[in-house]
Structure formats: C-alpha cells, structure tokens
Q: 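The structure is given below, and queries will be raised subsequently.
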Amino acid sequence: MDRKIPLTSEELSSIKCGEAITMATVLAIMVIAILTVVVYKLFGSSDGSVALPGGYKFTRK
C-alpha cells in the first residue's frame with residue numbers, strides 16, 4: 001500500500017499555491033452575503049420571517 005511515486009521537478013513546478021485560500025475566501029464572501037440577506041429580511045420587513053432549505057424557519061415577533 002505504500003506505492004508512492006515521487007514527483008518530477010517539472011510536476012513540482014506546475015503545482016500552484018493559494019488555491020485553497022482563494023476557495024476559502026470565495027466561500028466566506030458567499031456566507032457573509034447570505035447572512036446579510038437573512039438579517040435584512042428579518043429586520044427590514046414587517047413580517048420578519050425567513051425560511052431556509054432544510055426546514056429552518058426564523059421569525060421575528
């Protein structure tokens with residue numbers, strides 16, 4: 001099970017760093033945007049209710 005093949009210097013030079021950081025940044029911005037919409041819907045309307053997928057419901061009374 002330890003059949004590891006070392007990478008050549010060409011393969012090592014083709015590896016790009018920073019892709020995980022970029023993906024984490026994009027996901028964080030998406031989460032902030034979604035939370036902003038939820039907070040706006042809760043406090044900006046007279047209804048004050050939000051229904052999320054998965055059966056989650058938030059209501060401001």
Side-chain angles (χ1 to χ4, degrees):
M1 298 223 181
D2 283 332
R3 290 188 273 161
K4 297 179 183 176
I5 301 172
L7 296 175
T8 65
S9 51
E10 291 174 6
E11 291 171 330
L12 286 171
S13 65
S14 70
I15 296 174
K16 305 230 183 315
C17 299
E19 290 156 350
I21 295 171
T22 304
M23 189 63 161
T25 304
V26 169
L27 289 174
I29 290 172
M30 286 176 52
V31 167
I32 291 169
I34 291 169
L35 286 176
T36 303
V37 170
V38 168
V39 168
Y40 176 77
K41 285 182 81 176
L42 277 175
F43 295 111
S45 66
S46 60
D47 248 2
S49 64
V50 176
L52 298 175
Y56 296 104
K57 292 185 179 186
F58 300 98
T59 306
R60 183 179 59 115
K61 296 181 180 182

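Bear in mind that the values here come from a model prediction, so they are computed numbers and not experimental data.
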Q: Of all residues at least two apart in sequence or in a different chain, which pass the side-chain contact (heavy atoms from CB on, under 4.5 Å) check with Ile15?
A: Leu7, Leu12
Q: Only distances under 3.5 Å count here; give the side-chain donor-acceptor pairs of residues 19-31 to other protein atoms, sequence neighbours excluded, each with its distance to 0.1 Å.
A:
residue : atom : partner : partner atom : Å
Thr22   : OG1  : Gly18   : O            : 2.9
Thr25   : OG1  : Ile21   : O            : 2.8

Q: Apply side-chain contact (heavy atoms from CB on, under 4.5 Å) to Leu52 and list each qualifying residue two or more places apart in sequence or on a separate chain.
A: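 Leu52: side-chain contact (heavy atoms from CB on, under 4.5 Å) contacts with Val38, Val50, Tyr56, Phe58.
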Q: Among Ile, Leu, Val, Met, Phe, Trp and Tyr joined by side-chain contacts under 4.5 Å, find the other residues sharing a cluster with Ile32 and list them by chain and number.
A: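 Under the 4.5 Å side-chain rule, Ile32 groups with nothing.
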Q: Suppose we screen for side-chain contact (heavy atoms from CB on, under 4.5 Å). Which residues come up paired with Thr8, at least two apart in sequence or across chains?
A: Glu10, Glu11
